[in-house]
Amino acid sequence: MPDLAAPLIAWYRRNARELPWRAPSFGAWGTLVSEFMLQQTPVARVVPHLEAWLGRWPTPATLAGDPPAEAVRQWANLGYPRRALWLHRAAVEIRDRHDGVVPRDVEALLALTGIGDYTARAVAVFAYGDRHPVVDTNTRRVIARAVAGRSQPGSPAKADLVAMNALLPADDTDAAVFNAATMELGAVVCTARAPKCEACPVASMCAWRAAGYPDTGDDRRRQARYEGSDRQTRGAVLKTLRDASTHDVPQDAVIPDWPDAAQRDRAIDSLIADGLLEASGGHLRLPREV
DNA sequence: CATACGTGGAA
DNA sequence: TTTCCAAGTAT
């Protein structure tokens, strides 16, 4: 297997984008918040929200001290607002179980609400410098192409962690930079559509290129249509609550003209079930209690 | 393990 | 206009 690490590390040191979480001593809490926001949301949309968030809540304890409603409001239009709720819960767990310090251990990180295989290792590696494979969608695409000779990755699997682990340099710092470099390559060069192979530092050892860029198919499942979906309806309901000048809103006043009343009611019920809304006396509000 | 879960920019 | 895609996680 070709050694991707050396050329990728060298490329990254010259070409990495300057992003807030890459500043020296950005801090584990900042890293954790950034990773929550980056789950399925593009970098460009995250940056301003991240800075506002950390300006308001510079530590886990400060966030944990405010009601979850404030987290959901501050999340604004970043999407997947359950992440705001989960980040708040994680902050409470960090305050109560870890003395307010973001844990370093992957197992401890995995035990926090909203943190999975990717985020746990991203924090351990990027905030603390430990040696673990960090696998996101960019990494999976780079490995699929450069190593497996496929045009797109398969479905996410534990095997991805094993594959990335096998590519990791022995040195902790090199391994951390290699993780970041692989993600960066996937984000800006080895992109899902129209990859810039002429600018790729590992083109000469890329299995997909060597095979003549075959279309090996795409196992990834397509996203459901958003227009007219329950997700869109939930988004409209929650936006109404976020933007309301009062904390309580009469339920009848929430998207009253939505084309499908049953869909609206279903959205409200599911938001309550998820803990993103509370109902009380015919009114709705963002969650006051953890 | 397949599915639900927001939002907006680019092709 | 429609489709694709974005530093995933929980159930």
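Close approach of DNA chain C to chain A, defined as any atom under 4.0 Å from a non-hydrogen atom of the protein, starts and stops at C:dT3 to C:dA10.
Contact between A:Arg145 and A:Pro195 at its shortest, heavy atoms only, is NH1-CB, 3.8 Å. Minimum interatomic distance between A:Ala199 and A:Trp11 (heavy atoms only, all atoms of both residues): O-NE1, 4.3 Å. Between A:Arg141 and A:Cys190 the shortest heavy-atom distance is NE-O, 2.7 Å. Annotation for A:Leu112 and A:Arg97: closest pair CD2-NH2, 3.9 Å, computed over non-hydrogen atoms. A pairwise comparison of heavy atoms in A:Leu85 and A:Asp274 identifies CD2-O, 3.3 Å as the closest pair. In plain terms, the two heavy atoms of A:Ala187 and A:Asn138 that are nearest each other are N-OD1, 3.4 Å.
Looking at A:Arg56 and A:Gln74, their side chains do bring a donor and an acceptor atom within 3.5 Å of each other. Checked by atom type, the side-chain pair A:Thr139/A:Asp136 shows a donor-acceptor distance below 3.5 Å.
What separates CD of A:Gln263 from C1' of B:dA4 is a distance of 14 Å, to the nearest Å. In this structure, the CG atom of A:Asp117 is 13 Å from the P atom of B:dC1, given to the nearest Å. Between the C1' atom of B:dG6 and the CG atom of A:Leu85 lies a distance of 15 Å, rounded to the nearest Å. Between A:Lys239 atom NZ and B:dG8 atom P the separation is 8 Å, expressed in whole Å. Regarding A:Leu276, its CG atom lies at a distance of 18 Å from the P atom of B:dA4, rounded to whole Å.
The residue A:Arg141 sits close only to the backbone: its heavy atoms come under 4.0 Å of sugar-phosphate atoms, none of a base. Within 4.0 Å (heavy atoms only), A:Pro156 reaches no atom of the nucleic acid at all. The residue A:Trp75 sits apart from the nucleic acid: no heavy atom pair falls under 4.0 Å. No engagement by A:Asp274 is indicated, since no non-hydrogen atom pair under 4.0 Å with the nucleic acid exists. Heavy atoms of A:Gly79 sit under 4.0 angstrom from at least one base atom. A:Arg242 comes within 4.0 angstrom of sugar-phosphate atoms only, judged by non-hydrogen atoms across all strands, and of no base. A:Leu78 comes within 4.0 angstrom of a base, heavy atoms only. Base engagement by A:Arg83 is indicated by at least one non-hydrogen atom pair under 4.0 Å involving a base atom. As judged by a 4.0 angstrom heavy-atom cut-off over every strand, A:Thr119 is placed among residues touching the sugar-phosphate backbone only.
Counting only residues at least two apart or in different chains, side-chain hydrogen bond (donor to acceptor under 3.5 Å, both in side chains) contacts with residues 183-195 of chain A comprise A:Arg17-A:Glu184, A:Arg22-A:Glu184.
In summary, A:Arg266 and A:Asp260 do not engage in a salt bridge, as defined by a charged side-chain N under 4.0 Å from a carboxylate O. A salt bridge links A:Arg121 to A:Asp117: at least one charged side-chain nitrogen sits closer than 4.0 Å to a carboxylate oxygen.
Looking at DNA chain C, the stems built from 3 or more consecutive Watson-Crick or G-U wobble pairs, each pair with its key distances under 3.5 Å, are B:2-5 with C:8-11, B:7-11 with C:2-6.
Nucleotides of DNA chain C nearest to A:Thr113 and A:Leu19 differ in position, and the one nearer the 5' end is that of A:Leu19.
Atom name P, nucleotides B:dC5 and C:dA7: the rounded distance is 22 Å, in whole Å. Distance noted for atom C1' between C:dA10 and B:dG8: 24 Å (whole Å).
Taking the salt bridge (Lys or Arg N to Asp or Glu O under 4.0 Å) definition, one finds that A:Lys239 meets it with A:Asp243, sequence neighbours left out.
Considering only heavy atoms from C-beta on, A:Tyr128 comes within 4.5 Å of A:Val102 through its side chain. Side-chain contact check for A:Phe126 versus A:Asn179: some heavy-atom pair is nearer than 4.5 Å.
Residues of residues 176-198 of chain A having a heavy atom closer than 4.0 Å to DNA chain B: none are found. Near-neighbour residues of DNA chain C inside residues 218-233 of chain A, defined by a heavy atom below 4.0 Å, number-ordered: A:Arg220, A:Arg222, A:Gln223, A:Arg225.
A:Ser280 places no side-chain N or O within 3.5 Å of a backbone atom of A:His283 that could act as its donor or acceptor partner.
Phosphate proximity of B:dG6 to A:Asn77: absent, as no side-chain N or O sits under 4.0 Å from OP1 or OP2.
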